[in-house]
Amino acid sequence: MAKLNFGGVEENVVTREEFPLEKAREILKDEVVAVIGYGVQGPGQALNQKENGVNVIIGQRKESKSWDKAVRDGFVPGETLFEIEEALQRGTIICYLLSDAAQIALWPTVKAHLTPGKALYFSHGFGITYRHQTGIVPPPDVDVILVAPKGSGTSLRRMFLQGRGLNSSYAIHQDATGRAFERVVALGIAIGSGYLFETSFQQEVYSDLTGERGTLMGAIQGIFAAQYQVLRERGHSPSEAFNETVEELTQSLMPLVAENGMDWMYANCSTTAQRGALDWWKRFRDATLPVFNELYDSVSASKESQRSIDSNSQPDYRSRLEEELLELRQSEMWQAGKTVRSLRPENQ
């Protein structure tokens with residue numbers, strides 16, 4: 001493990017140079033990694049591990065769309081694809097990658113198969129951190145570990161196929177075997193992480209829920225909607241409003257930020273743009289800071305988790321979700337976006 005200095009703050013990190021794939025394979029050579037759930041994170045993590053030489057099996061309900069997807073991805077029924085209970089029995093490491101609501105529902109079944117020495121692996125700290133709400137309390141004689149890729153399972157898979165890595169956090173909640181550290185880091189390398197940084201289950205879920213509701217998804221949609229509305233109300237066309245609000249950001253500026261940072265992106269824009277950004281960014285920070293504090297307080301007080309559990313456990317959850325997503329999809333801004341994307345040269 002290396003210590004890296006981030007602006008005066010030291011963090012424990014693990015890189016692929018100091019913990020190569022060959023070492024991960026050696027640690028996992030006698031393990032059977034049972035991936036439970038083949039939805040958002042499951043396919044990317046399972047396929048990456050499989051192609052990295054790890055013994056991976058899938059546990060999924062038969063005759064489901066996810067079962068069929070696993071078959072299309074090369075997992076063989078009766079050999080590497082099983083009903084959930086059989087996969088739980090066979091696995092020595094249980095990768096619990098169902099949705100948070102589904103994890104709660106299946107927990108009694110999973111717990112029954114957590115025999116001494118196994119490892120219970122999460123990619124989200126939700127179930128353990130909010131155990132007073134979820135009821136997920138593992139037995140004391142199993143390792144409880146986490147690797148949380150900082151992106152979707154789709155991104156994890158795409159970057160793996162490109163020979164790149166998606167950064168991940170790792171955490172150890174319970175070390176029953178004395179091998180929790182080597183197990184969690186080996187799994188993090190095997191799923192295709194760029195580098196691994198240390199966290200805790202609680203810190204992971206607090207940052208994750210804040211980020212999803214904040215800059216990653218909720219805040220960015222709110223800011224897009226506000227600027228688009230102002231431009232349209234001031235007489236700008238849908239095409240102009242969308243290009244200035246979304247297209248230029250996602251297609252031109254964010255790749256520059258990803259490449260070398262915000263200052264480098266600023267340096268590669270006009271002096272007029274630089275001046276305006278430097279004059280206005282603190283006003284946006286000050287305007288949104290109270291909202292982010294309110295959001296973090298809601299996350300740490302277990303209000304967001306309870307709201308999520310209550311909503312996602314309803315029988316009509318998916319239909320209501322689709323209605324809300326349809327409202328976004330059919331808004332003028334995202335209809336304009338659909339047209340703009342179709343006009344990109346690669347789509348013509």
Side-chain angles (χ1 to χ4, degrees), residues 24 27-42 45-46 49 54-61 80-149 168-188 190-191 196 198-206 208-209 302 305-306 308-309 312-313:
I27 290 168
L28 298 173
K29 67 180 180 180
D30 297 322
E31 304 276 15
V32 178
V33 179
V35 174
I36 308 302
Y38 207 73
V40 177
Q41 280 288 338
Q45 293 201 28
Q49 287 186 79
V54 177
N55 184 12
V56 179
I57 63 174
I58 305 297
Q60 183 59 46
R61 287 184 299 105
T80 54
L81 175 60
F82 303 93
E83 289 273 14
I84 289 175
E85 285 213 49
E86 185 170 356
L88 287 168
Q89 184 178 356
R90 289 171 175 265
T92 60
I93 297 175
I94 308 302
C95 291
Y96 206 20
L97 300 182
L98 295 170
S99 69
D100 296 323
Q103 284 186 12
I104 296 170
L106 191 66
W107 176 244
T109 301
V110 173
K111 188 175 181 179
H113 291 279
L114 289 176
T115 51
K118 287 192 176 186
L120 179 62
Y121 165 108
F122 294 86
S123 282
H124 193 23
F126 191 101
I128 295 293
T129 300
Y130 298 116
R131 52 193 174 276
H132 61 289
Q133 295 170 318
T134 66
I136 296 178
V137 180
D141 50 9
V142 300
D143 293 340
V144 182
I145 55 181
L146 171 147
V147 176
S168 303
S169 59
Y170 76 92
I172 299 170
H173 176 72
Q174 196 165 277
D175 184 4
T177 66
R179 298 181 54 234
F181 176 77
E182 66 176 27
R183 276 172 142 178
V184 73
V185 173
L187 288 162
I191 68 169
L196 295 152
E198 187 177 25
T199 187
S200 67
F201 274 65
Q202 178 176 292
Q203 291 293 86
E204 190 283 329
V205 75
Y206 283 10
D208 188 73
L209 293 185
S302 304
S305 55
Q306 190 62 57
S308 178
I309 291 169
N312 297 351
S313 60

Within the structure provided, determine whether [X] and [Y] are in side-chain contact (heavy-atom separation under 4.5 Å).
X: Val147; Y: Val184; result: yes
X: Val54; Y: Glu31; result: no
X: Ser302; Y: His132; result: yes
X: Tyr38; Y: Leu81; result: no

Taking atom [atom1] of [X] and atom [atom2] of [Y], what is their separation to the nearest 0.5 Å?
X: Ile128; Y: Leu146; atom1: CD1; atom2: CG; result: 9.5 Å
X: Leu196; Y: Ile191; atom1: CG; atom2: CD1; result: 7.5 Å
X: Ile58; Y: Glu83; atom1: CD1; atom2: CD; result: 13.5 Å
X: Leu120; Y: His173; atom1: CG; atom2: NE2; result: 9.5 Å
X: Gln202; Y: Tyr130; atom1: CD; atom2: OH; result: 8.0 Å
X: Arg183; Y: Ile145; atom1: CZ; atom2: CD1; result: 6.5 Å

Using the rule side chain to side chain contact (heavy atoms under 4.5 Å, CB included), only one of Leu88, Asp141, Val142 pairs with Leu114; which is it? Val142
So, using ring-ring contact (aromatic ring centres under 6.0 Å, His included) as the criterion, who are the partners of Tyr206 when residues are at least two apart? Tyr296
Can you sort out the partners of His113 under ring-ring contact (aromatic ring centres under 6.0 Å, His included), two or more places apart, ordered by chain and number?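 Residues passing ring-ring contact (aromatic ring centres under 6.0 Å, His included) with His113: none at all.
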For residues [X] and [Y], report the shortest heavy-atom separation together with the two atoms involved.
X: Ala87; Y: Ala34; value: O-CB, 3.5 Å
X: Leu28; Y: Ala190; value: CD1-CB, 4.2 Å
X: Gly42; Y: Val35; value: CA-CG1, 4.1 Å

Determine, stepwise, if the pair Leu187 / Gln49 fulfils side chain to side chain contact (heavy atoms under 4.5 Å, CB included). CA-CA 8 Å; Leu187 288 162; Gln49 287 186 79; 3.4 Å; yes
Expected output: side-chain Thr92 to main-chain Val32 donor-acceptor under 3.5 Å: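 Such a contact is found between Thr92 side chain and Val32 backbone.
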For the side chain of Gln174 and the backbone of Pro139, is there at least one donor-acceptor N/O pair under 3.5 Å apart?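 Judged by distance alone, yes, a pair lies under 3.5 Å.
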Take Val205 and Phe122, measure what side chain to side chain contact (heavy atoms under 4.5 Å, CB included) needs, and give me the verdict at the end. CA-CA 11 Å; Val205 75; Phe122 294 86; over 6 Å; no
What pairs meet the side-chain hydrogen bond (donor to acceptor under 3.5 Å, both in side chains) rule with one or both residues in residues 116-127, with sequence neighbours excluded?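 Of all non-adjacent pairs touching residues 116-127, those that pass side-chain hydrogen bond (donor to acceptor under 3.5 Å, both in side chains) are Gln45-Tyr121, Gln45-Ser123, His124-Glu204.
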Could you list the donor-acceptor pairs under 3.5 angstrom formed between side-chain atoms of residues 96-108 and any protein atom two or more places apart in sequence or on another chain?
| from | atom 1 | to | atom 2 | distance (Å) |
| --- | --- | --- | --- | --- |
| Tyr96 | OH | Gln103 | O | 2.7 |
| Tyr96 | OH | Trp107 | N | 3.4 |
| Ser99 | OG | Ala102 | N | 3.2 |
| Gln103 | NE2 | Tyr96 | O | 3.0 |
| Gln103 | NE2 | Leu98 | O | 3.1 |
| Trp107 | NE1 | Gly135 | O | 3.4 |

All side-chain contact (heavy atoms from CB on, under 4.5 Å) counterparts of Asp175, not counting sequence neighbours: Asp143, Ile172, Thr177, Ala180
Once side-chain contact (heavy atoms from CB on, under 4.5 Å) is applied, do any residues pair with Thr80, and if so which ones, sequence neighbours excluded? Phe75, Val76
